[in-house]
2 protein chains.
Amino acid sequence: MDDRREPSLLFLTDEQLKKGIEAMYFAYRGFTADPDRILEKYGYGRAHHRAIHFIHRSPGTTVNNLLAILGVTKQSLNRVLRTLIEDGLVESRVGKRDKRERNMYLTEKGISLEGELAEAQRARMRKAYRDAGPDAVQGFRQVLEAMMDAEQRRHFNLLKDPE
Amino acid sequence: MDDRREPSLLFLTDEQLKKGIEAMYFAYRGFTADPDRILEKYGYGRAHHRAIHFIHRSPGTTVNNLLAILGVTKQSLNRVLRTLIEDGLVESRVGKRDKRERNMYLTEKGISLEGELAEAQRARMRKAYRDAGPDAVQGFRQVLEAMMDAEQRRHFNLLKDPE
DNA sequence: CAAACTAAGTCAGTCTTGTTGACTTTCCAA
DNA sequence: TTGGAAAGTCAACAAGACTGACTTAGTTTG
């Protein structure tokens with residue numbers, strides 16, 4: 001019998017897995033740091049950011065669809081949407097086919113905040129990609145996708161892919 | 001003039017950066033899902049997990065050191081530590097050199113919960129690494145490290161590296 | 001030695017974001 | 001026409017973060 005193993009298996013020591021876990025923890029804090037600073041200026045939190053992001057991403061999306069993507073309760077999402085509608089960042093239109101549904105759209109003001117948040121986050125991602133080099137980006141995306149729950153991966157893949 | 005650009009730069013469209021951002025969001029939810037389920041059984045939250053993780057990682061660590069790593073307030077950390085000490089998962093010992101300091105250690109019970117949490121998280125990371133392939137892992141780690149704030153990266157690198 | 005500083009812990013109050021449960025209104029579809 | 005689905009509301013609660021003020025113990029420094 002050949003005693004040698006695939007390097008791809010040998011490689012996965014508990015210590016190295018732990019470093020991956022810690023990297024994920026510290027990186028996520030960096031990932032949210034810039035938007036958090038911007039949101040604070042306007043008196044919003046991460047929940048508002050998530051709603052704004054996914055409404056921008058899929059204009060006209062329904063409450064139910066947002067609930068499925070975000071994985072929170074109706075009451076929790078509703079509190080956030082109500083604030084954004086009151087503040088004039090989001091517009092809720094009664095559904096054309098099914099009038100029970102509400103289709104969500106960003107207003108000019110909403111688009112403007114979305115842009116500010118997205119650009120801050122893209123800037124960090126751009127820097128991380130450039131620092132890590134082009135080969136790293138592919139691996140980064142592959143591991144993240146493999147880390148998702150099936151349900152989340154489904155939502156992720158339903159979002160429009162660049163070209 | 002040559003109209004062609006470096007693939008490594010051409011590559012960074014806003015849409016592709018956005019997919020990276022969304023991948024980070026969905027992956028982090030997967031990353032925390034398993035520990036969250038375990039913690040719920042014991043009536044603990046993510047804050048308890050973080051404390052347990054870093055005390056396990058650096059036995060004898062002080063409160064001040066944990067505050068720096070976790071980036072929360074003393075009051076917030078103290079609430080969590082108090083519970084863990086009361087429940088017999090963490091032991092707080094008066095410092096040898098400086099008696100103002102408290103050195104934190106996991107008890108048998110604490111080590112046991114840490115093991116359960118860590119194994120769940122490692123299992124997911126192991127699966128993600130295997131699904132993505134050995135080449136991807138390097139890139140994953142590089143991008144994450146580049147995404148951290150300098151302060152967080154410092155803490156990350158201070159944690160003992162495998163071999 | 002006394003004063004100043006530091007580490008830890010505590011008390012009180014606030015905020016965001018999540019939860020459950022009960023309920024209404026609207027409206028589609030069998 | 002009636003049952004059920006979608007959306008929204010009200011109330012109550014909890015975790016986990018925050019600020020600010022304060023105590024106690026112990027160390028360091030002038």
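Both backbone and side-chain heavy atoms feed into the values below; hydrogens, waters and symmetry mates do not. The sequence lines fix the lettering, A, B, ..., with proteins before strands; numbering per chain opens at 1.
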Residues in salt bridge (charged side-chain N to carboxylate O under 4.0 Å, His left out) contact with Lys127(A), at least two apart in sequence or another chain: Asp131(A)

Side chain to side chain donor-acceptor pair (under 3.5 Å) contacts touching residues 69-89 of chain A (sequence neighbours left out): Tyr44(A)-Asp87(A)

Degree of bending in the helix from dC1(C)-dG30(D) to dA30(C)-dT1(D) once both end axes are built from five pairs, to 10°: 20°

Contact boundaries on DNA chain C for chain B, cut-off under 4.0 Å to non-hydrogen atoms: dT6(C) to dC11(C)

Set of ring pair (Phe, Tyr, Trp, His ring centres under 6.0 Å) partners for Phe156(B), sequence neighbours left out: none

DNA chain C contacts made by residues 76-90 of chain B, counting heavy atoms under 4.0 Å: Asn78(B), Arg82(B)

Salt bridge (charged side-chain N to carboxylate O under 4.0 Å, His left out) partners of Asp34(B), counting only residues at least two apart: Arg37(B), Arg124(B)

Protein proximity profile, nucleotides 21-30 of chain D - base contact B, sugar-phosphate-only contact S, no contact -, cut-off 4.0 Å on heavy atoms: B---BBS---

Residues forming a salt bridge (charged side-chain N to carboxylate O under 4.0 Å, His left out) with Lys109(A), sequence neighbours excluded: none

Distance-only criterion, 3.5 Å: show the donor-acceptor pairs between side-chain atoms of residues 139-148 of chain A and protein atoms not counting sequence neighbours.
none

Set of salt bridge (charged side-chain N to carboxylate O under 4.0 Å, His left out) partners for Glu91(A), sequence neighbours left out: Arg93(A)

Nucleic acid contacts of residues 30-46 of chain A, taken as heavy-atom distances under 4.0 Å to DNA chain D: none

